[in-house]
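Just so we're clear, the structure is a prediction, and the values are computed from it rather than from any experiment. Hydrogens, waters and symmetry mates play no part in the numbers below; they use all other heavy atoms, side chains included. Here is how names work: the chains are called A, B, and so on, in the same order as the sequence lines, proteins then strands, and each is numbered from 1.
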Protein chains: 2
Amino acid sequence: MPDQVDRIIEQWHTEKPDLDVTPMAVIGRLSRTAMAVELRLARTFAEHGLDAASFDVLATLLRSGAPYRIAPLELAREAMISTSAVAQRLNKLESRGLVLRQANPNDGRGTFVALTDAGKLLIETALPDHLETEHAITSVLNRGEQEVLASLLQRLNTAASS
Amino acid sequence: MPDQVDRIIEQWHTEKPDLDVTPMAVIGRLSRTAMAVELRLARTFAEHGLDAASFDVLATLLRSGAPYRIAPLELAREAMISTSAVAQRLNKLESRGLVLRQANPNDGRGTFVALTDAGKLLIETALPDHLETEHAITSVLNRGEQEVLASLLQRLNTAASS
DNA sequence: TATTGTTATACTCTATAACTATA
DNA sequence: TATAGTTATAGAGTATAACAATA
């Protein structure tokens with residue numbers, strides 16, 4: 001069944017028949033699908049008082065393993081944002097008692113960001129819900145289709161990043 | 001070759017071996033690939049003094065065909081943003097002389113947004129460049145792979161939107 | 001001098017609410 | 001009363017630049 005992207009491509013065929021708009025089939029659906037997924041995931045985050053950025057910080061700390069400590073600079077690299085943006089995310093999380101900052105004993109300039117007990121509890125509660133939401137979305141594709149999709153996306157990512 | 005998403009999944013296997021994180025292979029790559037593509041496309045837009053939002057408005061007007069006129073409400077529906085956001089996008093474009101507002105003779109409440117000659121020239125210049133960028137990204141996949149990818153994304157979109 | 005990290009500041013984008021005008 | 005559109009306002013998020021402290 002045709003979707004909005006099909007209609008857009010059809011419009012271009014009519015209006016600019018000389019242009020090759022075939023890449024839009026992939027790029028158009030990529031951005032729309034990513035947006036729809038983002039909105040869907042945000043609902044689950046909100047049920048736990050979180051947004052995607054906060055969830056990302058807490059999940060990064062959790063999956064780093066005990067003692068659940070990471071330097072702000074590493075958080076910035078993982079999230080691909082500035083260290084300033086990280087500091088401001090951390091301010092919010094720290095004011096809610098979900099993370100705390102500790103001095104790095106080996107480097108006086110450095111800081112560790114650590115999960116508090118409350119932060120660990122929250123992310124450990126939210127994570128299964130989040131995975132359930134992801135599963136609900138991806139389960140329309142069987143295992144093989146998911147592997148194909150992941151592989152094609154990975155190759156596209158490499159091409160876009162160069 | 002393993003990428004960042006592979007490493008994240010491996011971390012979860014180590015730290016939370018009981019959790020099924022297989023959906024992350026698809027969802028994680030979807031968001032990262034969409035972001036990488038968005039950044040790549042923004043470069044081309046910037047070469048023409050545009051951002052994605054402005055390009056979107058101008059392209060929507062162009063592909064609607066002569067006389068290149070659309071109501072703001074329809075622009076809001078296509079871009080999935082509020083009519084207020086549309087009005088503010090239009091203010092910027094109008095101040096640059098790329099679009100102009102016209103009264104709707106059939107409905108005193110209504111407005112038409114129309115491409116100016118300058119706006120039409122700009123989008124007709126930027127569009128081929130944009131398509132070239134999209135082609136450069138998608139051409140790492142052959143025609144059949146692109147069709148598979150578009151189809152899988154479409155199904156995922158449907159699942160996420162429900 | 002370079003690096004880590006924070007804060008001050010400004011910018012962009014958006015939505016909500018209030019408002020005008022017309023149907 | 002409902003609809004189309006705009007503006008005023010406030011909020012969220014970010015990056016740049018300035019700053020402090022340590023390597």
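Following rounding to the nearest Å, B:N106 (CG) and D:dT3 (C1') show an atom-to-atom distance of 16 Å. For A:R89 and D:dA12, the CZ to C1' distance is 12 Å, given to the nearest whole Å. Spacing between atom CD of B:E38 and atom P of D:dT14 amounts to 13 Å, rounded to whole angstrom units. Spacing between atom CD1 of B:I81 and atom P of D:dA12 amounts to 20 Å, rounded to whole angstrom units. Between B:R101 atom CZ and D:dG5 atom C1' the separation is 8 Å, expressed in whole Å.
Across all strands shown, A:D107 has heavy atoms under 4.0 Å from sugar-phosphate atoms exclusively, and none from any base. Across all strands shown, B:A85 has heavy atoms under 4.0 Å from sugar-phosphate atoms exclusively, and none from any base. At a threshold of 4.0 angstrom between heavy atoms, the contacts of B:A53 with the nucleic acid are absent.
If you chain together hydrophobic residues whose side chains sit under 4.5 Å apart, A:L153 and B:I9 fall into the same group. No chain of hydrophobic side-chain contacts below 4.5 Å, direct or via other Ile, Leu, Val, Met, Phe, Trp or Tyr residues, connects A:F55 to A:M80.
Boundaries of the chain B contact region on DNA chain C are C:dC13 to C:dA23, first to last in 5' to 3' order (nucleotide atom under 4.0 Å from a heavy atom).
The existence of a salt bridge linking A:D3 and A:R29 is confirmed by a sub-4.0 Å separation between a basic side-chain nitrogen and an acidic carboxylate oxygen. Ion pairing between a basic and an acidic side chain is recognised when a charged N comes within 4.0 Å of a carboxylate O; A:R63 and B:E10 show no such pairing.
Looking at B:Q88 and B:S84, their side chains do bring a donor and an acceptor atom within 3.5 Å of each other. Between the side chains of B:H48 and B:D129, a donor-acceptor pair is found at a separation under 3.5 Å. Under 3.5 Å, the side chains of A:R96 and A:N91 contain no donor-acceptor pair of N or O atoms.
Evaluation of atom-type donor-acceptor distances gives a pair under 3.5 Å for the side chain of A:S84 against the base of D:dT16.
When the nearest nucleotides of DNA chain C are assigned to A:P72 and B:M80 by heavy-atom distance, the more 5′-ward of the two goes with A:P72. Both B:L73 and B:Q88 lie near DNA chain D, and the one whose nearest nucleotide falls closer to the 5' end is B:L73.
Distances shorter than 4.0 Å separate some side-chain N or O of B:N91 from OP1 or OP2 on D:dT7. Between A:R109 and D:dA20 there is no side-chain polar atom (N or O) within less than 4.0 angstrom of OP1 or OP2.
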